[in-house]
There are 2 protein chains.
Amino acid sequence: MVKSEAPRRGRRRGPSTTRDAILAAARRQFAELGYDRATVRGIAAEAGCDPKLVGHWFGSKQELFLQVVELPIRPAAAFADLRSAGDPATLADRLAVFVVSQMESEAVRSRLVPLIRAAATEPAAAPLLRDLLVREILGPVAAQLGGDTPELRASLLASQMVGLVMARYVIAVEPLASAPPETVAAAIASVLRHYLDDRLG
Amino acid sequence: MVKSEAPRRGRRRGPSTTRDAILAAARRQFAELGYDRATVRGIAAEAGCDPKLVGHWFGSKQELFLQVVELPIRPAAAFADLRSAGDPATLADRLAVFVVSQMESEAVRSRLVPLIRAAATEPAAAPLLRDLLVREILGPVAAQLGGDTPELRASLLASQMVGLVMARYVIAVEPLASAPPETVAAAIASVLRHYLDDRLG
DNA sequence: GGGATATATCCACACACGTGGAAATCTACG
DNA sequence: CGTAGATTTCCACGTGTGTGGATATATCCC
């Protein structure tokens with residue numbers, strides 16, 4: 001009659017790793033389920049702790065979500081680097097490769113996908129994504145574009161980015177979802193070039 | 001002491017328009033709120049009836065949703081018409097104008113937006129949208145494309161369409177959201193041409 | 001007129017959600 | 001050792017959800 005391993009009542013032994021466990025579980029569940037269908041209880045279960053701990057460490061579900069979608073890169077700086085790092089004529093190609101490879105990385109995807117899903121779902125999250133897009137990406141990019149209607153170009157560029165994330169990772173349209181990253185990058189490079197350089201229309 | 005207009009208990013006088021009222025309210029709320037946050041009770045309230053009537057007329061919330069997102073056009077047929085109606089060299093331009101003008105029509109937008117929002121939210125809806133995309137659009141289009149990797153071309157095309165809906169109507173990225181339809185159509189025409197005709201990569 | 005049927009309301013159940021309060025157990029430090 | 005604080009669990013409340021059951025009123029057809 002081995003005594004069952006029922007969790008005892010108070011603090012656990014040793015240093016606490018629960019906060020990180022919650023963050024990881026939340027990241028996974030927000031990405032897979034979206035904001036609404038991911039529940040505090042479910043996240044706590046995956047993290048192996050009591051739901052109340054989520055509140056303890058992060059205050060509320062909303063604040064946890066904000067922590068989750070904080071991007072690990074600075075897109076504006078990345079674009080500036082990319083721009084000054086090579087021949088301007090090949091900027092679109094390098095941008096395409098960069099964007100696709102970033103999306104392939106778990107660290108970026110697990111933040112971008114929840115953000116976009118939430119923007120599609122939460123009325124309150126759409127402004128959040130819009131602001132992030134404008135402040136972090138469209139604004140700086142538009143500022144460096146020059147020429148005519150740089151803001152329109154930047155937002156068209158964003159539309160192809162968002163569509164790529166949706167089609168490839170969220171909806172999983174085949175064969176786009178399974179295409180190797182290089183193929184995708186090659187295919188969208190011309191589109192990026194068009195939005196960056198060509199006369200629109 | 002005028003008697004209050006509290007709804008009486010049983011059937012109302014005259015012919016019933018409730019079913020249509022529910023459908024209209026559902027369309028509006030699914031588009032604005034998404035599947036999860038739109039509630040049967042809320043839809044019933046907007047339609048001016050009891051929540052139970054939703055169940056009575058449509059069975060369940062899911063079945064109501066399926067009715068709501070039923071597209072009023074046959075994209076495959078429309079594409080075929082478009083293809084055979086003019087100079088193949090200008091197909092991309094005509095397609096761009098057609099797509100954008102369709103999205104501008106309330107009848108199409110009030111179905112497409114909920115569908116895409118739901119695909120971003122409901123695990124069960126993503127396959128649904130994927131199937132609809134593949135069966136109604138990608139498949140027929142790919143079949144008429146010929147050349148190399150027609151399916152990949154079709155799904156890339158879809159990615160730009162979905163991204164356009166997201167950026168312009170759901171997230172409302174400026175200035176794309178406020179740009180006149182002709183401007184948008186002109187801007188994406190080259191992209192469509194690229195995905196339709198060019199060698200990818 | 002009078003029964004079948006369609007249309008409508010009310011009540012309520014079972015469930016899941018986020019979170020607040022109180023108590024238990026551990027660690028840190030005097 | 002002993003007390004303060006950090007970490008964790010349990011209990012439970014209030015709210016909102018989709019939907020089932022019973023019932024009321026209007027319409028349709030004989």
Side-chain angles (χ1 to χ4, degrees), chain A residues 3-26 29-30 32-68 114 118 121-125, chain B residues 3-26 29-30 32-68 114 118 121-125:
Chain A
K3 193 57 188 308
S4 80
E5 309 264 334
R8 297 212 309 297
R9 186 72 183 297
R11 179 176 183 165
R12 297 178 198 163
R13 212 160 299 219
S16 173
T17 60
T18 311
R19 211 193 112 103
D20 288 340
I22 292 174
L23 214 44
Q29 297 216 10
F30 279 136
E32 182 181 327
L33 267 23
Y35 182 86
D36 279 319
R37 303 176 103 84
T39 70
V40 170
R41 289 163 139 94
I43 291 168
E46 181 172 333
C49 70
D50 189 273
K52 195 62 206 305
L53 280 196
V54 175
H56 177 46
W57 287 111
F58 298 94
S60 68
K61 186 184 181 182
Q62 278 222 18
E63 295 175 76
L64 169 61
F65 181 77
L66 291 184
Q67 293 260 342
V68 160
T121 303
E122 270 234 88
Chain B
K3 193 56 188 308
S4 81
E5 309 264 334
R8 297 210 311 297
R9 185 73 184 296
R11 179 174 183 167
R12 299 177 197 164
R13 212 160 298 227
S16 173
T17 60
T18 310
R19 212 193 112 103
D20 288 340
I22 292 174
L23 214 45
Q29 298 216 10
F30 279 137
E32 181 181 327
L33 267 23
Y35 182 86
D36 278 319
R37 304 176 102 83
T39 70
V40 171
R41 291 165 140 92
I43 291 168
E46 180 171 333
C49 71
D50 189 272
K52 194 61 207 305
L53 279 197
V54 175
H56 177 45
W57 286 111
F58 298 94
S60 68
K61 185 184 181 183
Q62 278 222 17
E63 294 174 77
L64 169 60
F65 181 77
L66 292 184
Q67 293 262 340
V68 160
T121 303
E122 270 234 86

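Below, chains carry the letters A, B, ... as their sequence lines are ordered, and counting in each starts from 1.
Expressed to the nearest 0.5 Å, how far CD1 of A:I22 lies from CD1 of A:I43 amounts to 9.0 Å. Here the straight-line distance linking atom OG1 of A:T17 with atom CG of A:L23 works out to 12.0 Å at 0.5 Å rounding.
Across the protein-nucleic acid pair, B:D36 atom CG and C:dA16 atom C1' stand 13 Å apart, rounded to whole Å. If you take CD of B:Q29 and P of D:dG18, they are 11 Å apart, rounded to a whole angstrom. Look at CZ on B:R37: it is 17 Å from C1' on D:dG18, rounded to the nearest Å. Taking atom CZ on A:R41 and atom P on D:dC13, their separation rounds to 14 Å, with Å as the unit. Residue A:R9 contributes atom CZ, which lies 13 Å from atom P of C:dA22 at whole-angstrom precision.
Nearest to the side-chain atoms of B:R12 among the listed nucleotides D:dT19, C:dT9, D:dA26 stands C:dT9. Set against C:dG18, D:dC10, C:dA12, the side chain of A:T39 has C:dG18 as its closest nucleotide. For A:R11, taking side-chain heavy atoms from C-beta onward, the closest of the listed nucleotides D:dT27, C:dC26, D:dG18 is C:dC26.
Shown here are the side chain to side chain contact (heavy atoms under 4.5 Å, CB included) partners of A:A44, two or more places apart in sequence or in another chain: A:C49, A:P51, A:V54. With sequence neighbours excluded, the residues forming a side-chain hydrogen bond (donor to acceptor under 3.5 Å, both in side chains) with A:E46 are A:R28, A:Q29, listed by chain and number. Here A:D20 pairs with nothing under the side-chain hydrogen bond (donor to acceptor under 3.5 Å, both in side chains) rule; sequence neighbours left out. Considering only residues two or more places apart in sequence or on other chains, B:S60 meets the side chain to side chain contact (heavy atoms under 4.5 Å, CB included) condition with B:Q62, B:E63.
Remark: B:K61 is positioned above the aromatic ring of B:Y35, its terminal NZ or CZ atom under 6.0 angstrom from the ring centre and at most 45 degrees off the axis.
Within residues 46-61 of chain B, the residues approaching DNA chain D are B:K52, B:S60, B:K61, by heavy-atom distance under 4.0 Å.
Within the structure, no pair that satisfies the ring-ring contact (aromatic ring centres under 6.0 Å, His included) test touches residues 41-63 of chain B, not counting sequence neighbours.
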Listing time: all N or O pairs from protein to nucleotides 1-4 of chain D that are below 3.5 Å?
none

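For the helix from C:dG1-D:dC30 to C:dG30-D:dC1, the rotation axes defined at the first and last 5 base pairs enclose an angle of 0°, given to the nearest 10°.
Contact between B:A38 and B:F30 at its shortest, heavy atoms only, is CB-CD2, 3.7 Å.
A close approach under 4.0 Å does occur between a side-chain nitrogen or oxygen of A:R13 and OP1 or OP2 of C:dC26. Taking only side-chain nitrogens and oxygens, B:T18 comes nearer than 4.0 Å to OP1 or OP2 of C:dA8.
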